[in-house]
Amino acid sequence: MPELPEVENARRCLVQAGLPGRTFTGANIGWARTVKKPGLEDFVLGLTGGRVKAAHRRGKYILLPLENPDWPAERTLILHLGMTGGLSVQPKTQAAHPMVRHSFPLDDGRELRFQDGRKFGKLWLVDDPQEVLPALSPDPLEKDFTLEYLVDALAGRNAPIKALLLEQSIAAGMGNLYADEALYLSGINPMRPGSELSADEVARLRASMVDALTAGVALYDQSRIDNWPDPPRALTTWTIPRQKGDACLRCHGPMEVTRIRARSTWFCPRCQV
DNA sequence: AGTACGTCCTGATCGC
DNA sequence: TGCGATCAGGACGTAC
């Protein structure tokens, strides 16, 4: 699933492919419901002629600010990859992966391709990203994701810590796999109510979150996957065993799986207390 | 307000 | 062997 490291890799691939500097000459939307704002027609017309200024990431969102001298103001194309989304920049003449749902032709003979098998991806075109971006936490890889911040965010929250880690307002960029990984690394049981974690445990958890995400980004850096995920693939950047019958790497006892908020949650009942 | 659950989607996998 | 059922989960809407 695209979580923070995967989205960051996708963003870097866009930069590496030279998307910034190119201009959209149109948009082919193959599944209208993916466009969340504005309406489909205004979306297509609104980004046509926009020159990509940069490629940013906020949590799991990719932001492409667009400029055009005839526009009164800059606009921003916002993309969310959902669970099966991936981006690539390829020549229009190159055969597209069958799961490519949308394409955005560029002024250099190539096009930005958005593949999205399960159609959980989302697209917006807005004047101000704050219009649509939910309340996201500080980026876990930036300095403002402090221990004080996380302690405060968990205060008074009685939901299982695993469920809280999936809230983008608490930890933007964490998904199911990295949440399990961070809890595994820090030895914290995923079912513990968030408010019951000690200050020391929150500190360990925060460090593990940063470690896991940093390791993920670094692994992609070492072996950058061009046009990820076309074909779909992802690096295994986590260490937690999450296969049926797997043993814990520390105590060698059996890993257990449960469901929290309808999400598979793997943990070691002995090492995670 | 906080918490829980249904919904959207389809490819992959499972079980009979 | 084949086919229907189940699983996978990011984020939002709704309900309690």
Side-chain angles (χ1 to χ4, degrees), chain A residues 1-11 29-37 57-63 78-87 96-102 114-124 126 129-137 139-140 152-183 190-197 209 212-213 216 229-234 236-238 240-246 255-267:
Chain A
M1 305 308 120
E3 300 187 33
L4 188 152
E6 288 74 30
V7 177
E8 175 63 15
N9 182 61
R11 185 194 70 81
I29 302 302
W31 186 250
R33 294 181 68 166
T34 300
V35 175
K36 299 301 177 182
K37 196 175 183 179
R57 178 189 58 77
R58 180 100 197 278
K60 299 176 197 168
Y61 295 79
I62 289 177
L63 293 83
I78 304 177
L79 307 91
H80 193 293
L81 301 178
M83 289 197 295
T84 54
L87 301 172
H97 188 280
M99 289 300 105
V100 169
R101 306 290 188 190
H102 323 287
F114 191 150
Q115 83 176 59
D116 184 18
R118 285 162 69 182
K119 301 177 178 172
F120 279 14
K122 297 182 177 70
L123 293 164
W124 301 262
V126 294
Q130 293 305 320
E131 288 177 45
V132 297
L133 284 193
L136 295 172
S137 86
D139 194 287
D152 190 52
L154 297 179
R157 299 299 303 271
N158 294 313
I161 183 63
K162 166 66 182 288
L164 297 174
L165 289 184
L166 296 178
E167 290 188 16
Q168 301 302 292
S169 58
I170 290 179
M174 297 291 289
N176 197 46
L177 301 179
Y178 281 92
D180 277 4
E181 172 79 353
L183 290 165
M191 290 168 285
R192 294 268 304 282
S195 59
E196 286 186 9
L197 297 189
M209 294 164 69
L213 294 172
D230 184 10
R233 52 187 175 157
T236 300
T237 56
W238 48 88
I240 178 173
R242 43 185 309 126
Q243 296 285 322
K244 199 173 181 179
D246 274 352
M255 296 293 291
E256 288 188 7
V257 62
T258 186
R259 291 186 76 78
I260 296 177
R261 292 284 203 283
R263 300 286 173 266
S264 295
T265 300
W266 289 82
F267 68 105

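Chain naming here is simple, since letters A, B, ... match the order of the sequence lines and numbering starts at 1 in each.
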Rounded to whole Å, CG of A:Asn176 lies from P of C:dA8 at a distance of 9 Å
Rounded to whole Å, the CZ-P distance (A:Arg259 to B:dA4) equals 15 Å
>> Measuring to OP1 and OP2 of C:dG10, would you say a side-chain N or O of A:Arg261 lies under 4.0 angstrom away?
In response: no
Note to self: For the residue pair A:Arg58 and A:Tyr61, would you count it as a cation-pi contact if the rule is NZ or CZ under 6.0 angstrom from the ring centre and within 45 degrees of the ring axis?
What the structure shows: no
Between A:Ser195 and the options A:Asn158, A:Leu164, A:Ile161, the side-chain contact (heavy atoms from CB on, under 4.5 Å) test singles out A:Asn158
Does the pair A:Met255 and A:Ile240 meet the rule for a side-chain contact (heavy atoms from CB on, under 4.5 Å), with working shown?
CA-CA 9 Å; A:Met255 296 293 291; A:Ile240 178 173; 3.7 Å; yes
Computed from five pairs at either end and rounded to 10 degrees, the angle between the axes of the helix from B:dG2-C:dC16 to B:dC16-C:dG2 is 60°
When rounded to whole Å, the CZ to P distance for the pair A:Arg263 and B:dG6 reads 12 Å
A:Leu165 atom CG is separated from B:dT3 atom P, nearest whole Å, by 13 Å
Atom CD1 of A:Ile62 and atom C1' of C:dG10 are separated, to the nearest Å, by 15 Å
request  = Report yes if a side-chain nitrogen or oxygen of A:Lys122 is closer than 4.0 Å to either non-bridging phosphate oxygen (OP1 or OP2) of C:dG10; otherwise report no.
outcome  = no
Item to complete: Compare all side-chain heavy atoms of A:Phe114 with those of A:Arg101 and state whether any distance is below 4.5 angstrom.
Response: no
- Item | 4.5 Å side-chain heavy-atom contact, A:Ile29 and A:Leu123 | yes
Practice task
Establish, with yes or no, whether the OP1 or OP2 oxygen of C:dG10 is under 4.0 angstrom from a side-chain nitrogen or oxygen of A:Gln168.
Solution key: no
Atom CZ of A:Arg58 and atom C1' of C:dG10 are separated, to the nearest Å, by 17 Å
Report task. Respond yes when some side-chain nitrogen or oxygen of A:His80 is under 4.0 Å from OP1 or OP2 of C:dG10, and no when none is. Result -> no
From CH2 of A:Trp124 across to C1' of C:dC12 the rounded distance in Å is 10 Å
Correct closest heavy-atom pair for A:Ser264 and A:Arg242 would be O-NH2, 3.9 Å
Detail all sub-3.5 Å separations between protein N/O atoms and N/O atoms belonging to nucleotides 9-16 of chain B.
residue: B:dC9; atom: OP1; partner: A:Arg33; partner atom: NE; Å: 3.0
residue: B:dC9; atom: OP1; partner: A:Arg33; partner atom: NH1; Å: 3.2
residue: B:dC9; atom: OP2; partner: A:Arg33; partner atom: NH1; Å: 3.2
residue: B:dC9; atom: O2; partner: A:Arg118; partner atom: NE; Å: 3.0
residue: B:dT10; atom: OP1; partner: A:Lys119; partner atom: NZ; Å: 2.6

Between CG of A:Leu166 and P of C:dA8 the distance, given in whole Å, is 14 Å
Given the rule in the side-chain contact (heavy atoms from CB on, under 4.5 Å) test, do A:Trp124 and A:His80 qualify, once you have shown the distances and angles that lead to the verdict? CA-CA 9 Å; A:Trp124 301 262; A:His80 193 293; 4.0 Å; yes
(request) Please answer whether the main-chain N or O of A:Gly30 pairs with a side-chain N or O of A:His102 as donor and acceptor at a distance below 3.5 Å. (result) yes
In plain terms, say whether A:Asp139 and A:Arg57 are close enough for a salt bridge, that is, a side-chain N and a carboxylate O under 4.0 Å apart.
yes
